[in-house]
Amino acid sequence: MEELLAARTAVSGTVAAAKQSGNDAKAQARMAEGREIGDRIKVAEARRAETEGELTSLLLQFPNVPLPDVPTGGESANVVVRSWGTPRLGEGLRPHWDLGETLGILDLARGAKVAGAGFVTLRGEGSRLARALVQLMLDLHTREHGYEEVAIPFAVNRAAMIGTGQFPKFEDEQYAIRDADLFLIPTAEVPITNLYRDEILDAAWLPHGFAAYSPCFRREAGAAGKDTRGLLRVHQFDKVELVRYCTPEESAHELERLTAHAEAVLTRLGLPYRVVLLAAGDTGFASAKTYDLEVWAPGVGRWLEVSSCSTCTDFQARRANIRYRSAPGKPPRFIHTLNGSGVAIPRVLAAILEHYQEPDGTVRVPDALRPYLGADRLE
RNA sequence: GGACAGGUGGCCGAGUGGUUUAAGGCGCACGCCUGGAAAGCGUGUGGGGGUGAAAGCCUCUCGCGGGUUCGAAUCCCGCCCUGUCCGCCA
């Protein structure tokens with residue numbers, strides 16, 4: 001291919017030279033020669049483009065490779081690496097949907113009426129509680145953990161979805177905006193990680209953390225019938241997301257930091273939780289290693305996943321072409337990206353209702369939330 | 001949504017079919033000069049791919065994609081983005 005291109009350039013040069021010296025016959029001959037080379041270039045280029053297209057679409061199908069310290073196997077091979085707090089146990093603890101409806105802060109029926117099952121409406125103190133949680137988390141991460149807060153688009157284009165790994169494999173799981181080629185974000189990770197797509201960053205800027213509030217939209221195709229009650233699995237939910245950009249050398253340590261930042265939310269709220277290292281088979285498509293944070297919800301008697309902290313190593317950076325330069329003159333290298341919820345609002349709200357419920361049906365407000373809510377009890 | 005104007009290297013900016021390695025400037029880096037600095041002078045200064053031990057060399061890249069042509073930053077078509085004005089709207 002390159003030889004052909006070089007040959008064309010050479011022949012074009014002789015055409016120019018021949019014309020200038022007034023040698024029309026020679027110019028004509030050279031032009032014919034050039035035409036022939038041009039035809040061969042078209043054929044070769046078409047084949048190259050086709051092959052390259054096939055290769056790219058094939059490569060986009062491959063998931064990230066788990067790190068060596070990730071256990072092999074499926075969900076049953078997950079490992080609880082630590083836990084915090086004492087799960088509340090006892091008879092008569094009510095599930096959050098029961099408490100929420102009784103308190104008048106959760107309106108599942110009317111949410112379903114306007115958008116469908118899985119779209120929840122919070123009311124009154126419920127709505128304020130959700131807002132207080134967002135506020136608490138953003139304040140914590142920006143003031144104490146050093147994150148830069150960003151307010152990002154809630155819809156993204158196709159390139160962004162490819163960059164973080166949702167597309168092409170999981171296009172069915174996203175909400176698409178008809179006729180616009182835009183997609184509602186399943187997590188703020190998508191817009192935040194893509195902020196620096198096709199850029200080369202200065203090493204001095206790394207590591208850098210972003211925190212953002214956003215709603216998240218998920219079709220949950222294939223999950224129909226599972227966890228459908230209350231706030232456990234919904235099509236739209238609010239979340240504070242953490243994303244970190246760093247060098248490859250930093251990423252292992254950065255994952256521990258990120259996880260600790262998300263955990264701080266739960267300790268601040270006084271909610272018992274455990275940290276689960278996911279086995280390879282349970283780790284997400286873009287992730288090389290993931291810790292799930294699960295909070296105890298005594299009303300439903302289950303651990304609820306409220307955060308998934310992952311290092312994507314250079315997987316997303318390669319797709320989104322995000323690089324950095326370690327020093328002037330050095331060739332650019334791919335950064336590593338990490339993300340984790342810090343944390344998801346509905347499930348943590350459910351856990352608060354269930355964990356802090358009183359026998360009389362009221363709910364104590366965790367100390368950390370009182371300044372934000374201006375109340376110490378929901379009744 | 002409509003009209004117009006634009007998109008060129010880190011930045012500004014010239015370039016409207018070929019002597020092609022994209023002028024010039026700014027910034028930056030290094031060197032010379034200096035007691036030291038500034039100024040001045042000189043050299044260098046994006047990314048991808050290939051080749052090589054390295055220096056280097058080859059090649060692609062002027063918003064993106066197609067087309068015309070022997071040859072495209074330059075001409076044609078489509079799209080994206082930015083600006084200005086109009087319309088609409090929180």
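Computed from a predicted structure; not experimentally measured. Sequence lines set the chain letters: A, B, ... in the order given, protein chains first and strands last, and positions in each chain run from 1.
Residue A:Arg197 contributes atom CZ, which lies 15 Å from atom P of B:C80 at whole-angstrom precision. Computed from coordinates, the A:Tyr196 OH to B:G47 C1' distance equals 19 Å when rounded to whole Å. Atom CD in A:Glu199 sits about 15 Å away from atom P in B:G48, given to the nearest Å. Here the P atom of nucleotide B:G47 and the CG atom of A:Leu201 are 14 Å apart, to the nearest Å. To the nearest angstrom, C1' of B:C79 lies 15 Å from CZ of A:Arg158. In this structure, A:Ile200 places its CD1 atom 21 Å from P of B:C28, rounding to the nearest Å. If you take CG of A:Asp198 and C1' of B:G63, they are 12 Å apart, rounded to a whole angstrom. Distance CG (A:Asp202) to P (B:G46): 16 Å, rounded to an integer number of Å.
When Watson-Crick and G-U wobble pairs are counted only if both distances are under 3.5 Å, B:C28 pairs with B:G44. Of all nucleotides present, none satisfies the Watson-Crick or G-U wobble test against B:U34 with each distance under 3.5 Å. Pairing for B:A23 is absent, with no Watson-Crick or G-U wobble pair whose two atom distances lie under 3.5 Å. Across all strands shown, B:C64 is found opposite B:G78 as a Watson-Crick or G-U wobble partner, with both distances under 3.5 Å. Figure legend. B:G9 is base-paired to no nucleotide; pairs are counted as Watson-Crick or G-U wobble with both atom distances under 3.5 Å. Within the shown strands, B:U51 is the pairing partner of B:G56 under the Watson-Crick or G-U definition, both distances less than 3.5 Å. Pairing of B:G87, defined by two Watson-Crick or G-U wobble distances under 3.5 Å, is not identified with any nucleotide. Nucleotide B:G17: unpaired (no Watson-Crick or G-U wobble partner with both distances less than 3.5 Å).
For B:C81 and B:A90, the C1' atoms lie 24 Å apart once the distance is rounded to whole Å. Only the P atoms considered, B:G9 is 16 Å distant from B:G15, to the nearest whole Å. On the C1' atoms, B:C60 is 26 Å away from B:G24, given to the nearest whole Å. Comparing the same atom, P, in B:G71 and in B:U21 gives a spacing of 16 Å after rounding to whole Å. Rounded to whole Å, the P atom of B:A37 lies 47 Å from the corresponding atom of B:U74. For the C1' atoms, the distance linking B:G83 with B:U34 amounts to 48 Å, nearest Å. Here the separation of B:G65 from B:C12, taken at their P atoms, is 22 Å to the nearest Å. Nucleotides B:G66 and B:U61 are separated by 11 Å at their P atoms, to the nearest Å.
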- [ ] Under the ring-ring contact (aromatic ring centres under 6.0 Å, His included) rule, what do A:Phe210 and A:Tyr245 come out as? Steps first, then yes or no, please.
- [x] CA-CA 9 Å; A:Phe210 290 107; A:Tyr245 287 42; 5.6 Å; yes
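Using a cutoff of 4.0 Å between basic side-chain nitrogens and carboxylate oxygens, A:Lys239 and A:Glu189 are not scored as salt-bridged. Here A:Arg333 pairs with A:Glu249 in a salt bridge; the nearest charged N to carboxylate O distance falls below 4.0 Å.
Within 6.0 Å of the CD atom in A:Glu75, the count of heavy atoms belonging to other residues, nucleotides or ligands does not exceed 12.
For the pair A:Arg244 and A:Tyr147, the cation-pi criterion (under 6.0 Å, within 45° of the ring axis) is fulfilled.
The shortest distance between the side-chain N/O atoms of A:Arg323 and the OP1/OP2 oxygens of B:G47 is not below 4.0 Å. Within the structure, a side-chain polar atom (N or O) of A:Arg325 is placed less than 4.0 Å from OP1 or OP2 of B:G47.
For the side-chain contact (heavy atoms from CB on, under 4.5 Å) test with A:Pro207, the passing option among A:His336, A:Glu250, A:His253 is A:Glu250; the others fail.
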